Amino acid sequence: MESKVELDFESIVDQYGDFVYNLTYRVLGNHADAEDAAQDAFLAAYRNFHRFRGESKVTTWLYRIAVNAALMKLRKDRPTRTLTQTGYEDMDFPSPTEGPEKMALNSELREHLEQGLDMLAANLKAAVVMRDIQGLSNEEASESLNISVSSLKARLHRGRVLLRKHMQDYLATSQ
């Protein structure tokens, strides 16, 4: 017979497995790496389950663990090429008509955005993914990353500026 802790943890894995995988995929951009990071995250969560006291939401606790697992994988596997040039120029996103052309442009735009995300430093990427893609509040994201809200806002701003700069050339040629 399994202990209560194991049963509780098993229900957490069942309930939040997709959530953790989606987060690690957003950070890593690769299914195989995301699966590895999600597995690492749940292994770390299991090992530290006795420390979870319920003072924060399960999702916040898992976010922190999953982001750390994904960032560790990024640091270990990632080439050193990152975006460093900032730019504050405003960009206009194209507004194509409905139909296959729009779908193709949206797919291309998404691919270019994902390339830009992959080029961000890991701490900037985590901030952008948590706020802009996963939709966490500033407080939830900062707690998950174990940083202050002001640090999160600074990382978020820098990440957005670098993404904006990355997207400029693509948007100029697609209009």
Side-chain angles (χ1 to χ4, degrees), residues 1-84 107 110-163 166:
M1 177 159 219
E2 295 179 349
S3 71
K4 182 178 185 334
V5 171
E6 290 176 31
L7 290 174
D8 288 344
F9 187 77
E10 186 177 323
S11 67
I12 288 172
V13 172
D14 289 342
Q15 187 172 355
Y16 298 105
D18 290 341
F19 166 84
V20 169
Y21 170 78
N22 287 333
L23 176 61
T24 58
Y25 178 76
R26 290 291 182 189
V27 172
L28 297 167
N30 175 300
H31 292 291
D33 289 345
E35 287 175 1
D36 289 346
Q39 186 175 18
D40 291 345
F42 277 119
L43 184 58
Y46 181 76
R47 287 180 179 150
N48 293 293
F49 188 61
H50 65 281
R51 293 184 187 170
F52 180 67
R53 295 182 298 266
E55 294 171 358
S56 64
K57 294 184 205 173
V58 172
T59 52
T60 303
W61 178 68
L62 285 174
Y63 253 106
R64 181 176 294 157
I65 294 170
V67 167
N68 286 340
L71 292 177
M72 292 284 283
K73 185 137 189 71
L74 266 181
R75 285 183 199 115
K76 188 171 76 172
D77 299 343
R78 183 178 188 172
T80 57
R81 190 179 97 178
T82 60
L83 288 173
T84 57
S107 177
R110 180 186 190 107
E111 184 177 316
H112 204 73
L113 272 170
E114 287 176 356
Q115 288 171 355
L117 277 171
D118 287 342
M119 294 172 70
L120 290 176
N123 62 342
L124 302 179
K125 182 177 182 177
V128 170
V129 166
M130 293 176 102
R131 281 289 288 126
D132 295 341
I133 297 173
Q134 295 293 326
L136 289 179
S137 69
N138 285 337
E139 292 75 19
E140 291 170 326
S142 66
E143 185 178 337
S144 295
L145 293 171
N146 202 25
I147 59 174
S148 68
V149 172
S150 60
S151 293
L152 173 81
K153 288 179 179 180
R155 290 179 186 183
L156 189 59
H157 174 71
R158 181 140 174 88
R160 287 172 176 167
V161 166
L162 292 171
L163 276 175
H166 175 74

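As the structure is a computational prediction, the values presented were derived from the model and not from experiment.
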Might you point out which heavy atoms bring Ala127 and Leu152 nearest each other, and give the distance in Å? CB-CD1, 3.8 Å
Interatomic spacing from CZ in Arg160 to CG in Asp132 - rounded to 0.5 Å: 4.0 Å
Where Ala66 and Ala41 come nearest, the two heavy atoms and their spacing: CA-CB, 3.7 Å
Counting only heavy atoms not in Glu114, do more than 12 sit closer than 6.0 Å to its CD atom? yes
Specify whether Tyr16 and Phe19 have parallel, tilted or perpendicular ring planes, treating 30° as the upper limit for parallel and 60° as the lower limit for perpendicular. perpendicular
CG of Leu163 to CG of Leu124: how many Å apart, nearest 0.5 Å? 9.0 Å
Give a yes or no on whether Asp18 atom CG has more than 12 heavy-atom contacts from other residues, nucleotides or ligands under 6.0 Å away. no
CZ on Phe42 to CG on Leu62, rounded to 0.5 Å: 5.5 Å
Closest non-hydrogen atoms of Ala70 and Leu28, given as atom of the first, atom of the second and distance, are O-CD2, 3.4 Å
Would you compute the distance between atom CG of Asp40 and atom CE of Met72 and round it to the nearest 0.5 angstrom? 9.0 Å
Leu120 and Gly159 have their tightest heavy-atom pair at CD2-O, 3.9 Å
Of all pairs that satisfy side chain to side chain donor-acceptor pair (under 3.5 Å), the ones with a partner from residues 61-70, not counting sequence neighbours: Tyr63-Gln134
Between atom OH of Tyr25 and atom CG of Asn30, what is the distance when rounded to the nearest 0.5 Å? 7.5 Å
Heavy-atom pair with the smallest gap, counting every atom of Ala37 and Ala69: O-CB, 3.5 Å
Rounded distance [0.5 Å steps], CZ in Arg26 versus CE in Met130: 14.0 Å
Shortest non-hydrogen contact from Ile65 toward Ala44: CG2-CB, 4.0 Å
Taking it one step at a time, do Ile147 and Arg155 satisfy side-chain contact (heavy atoms from CB on, under 4.5 Å)? CA-CA 10 Å; Ile147 59 174; Arg155 290 179 186 183; 3.6 Å; yes
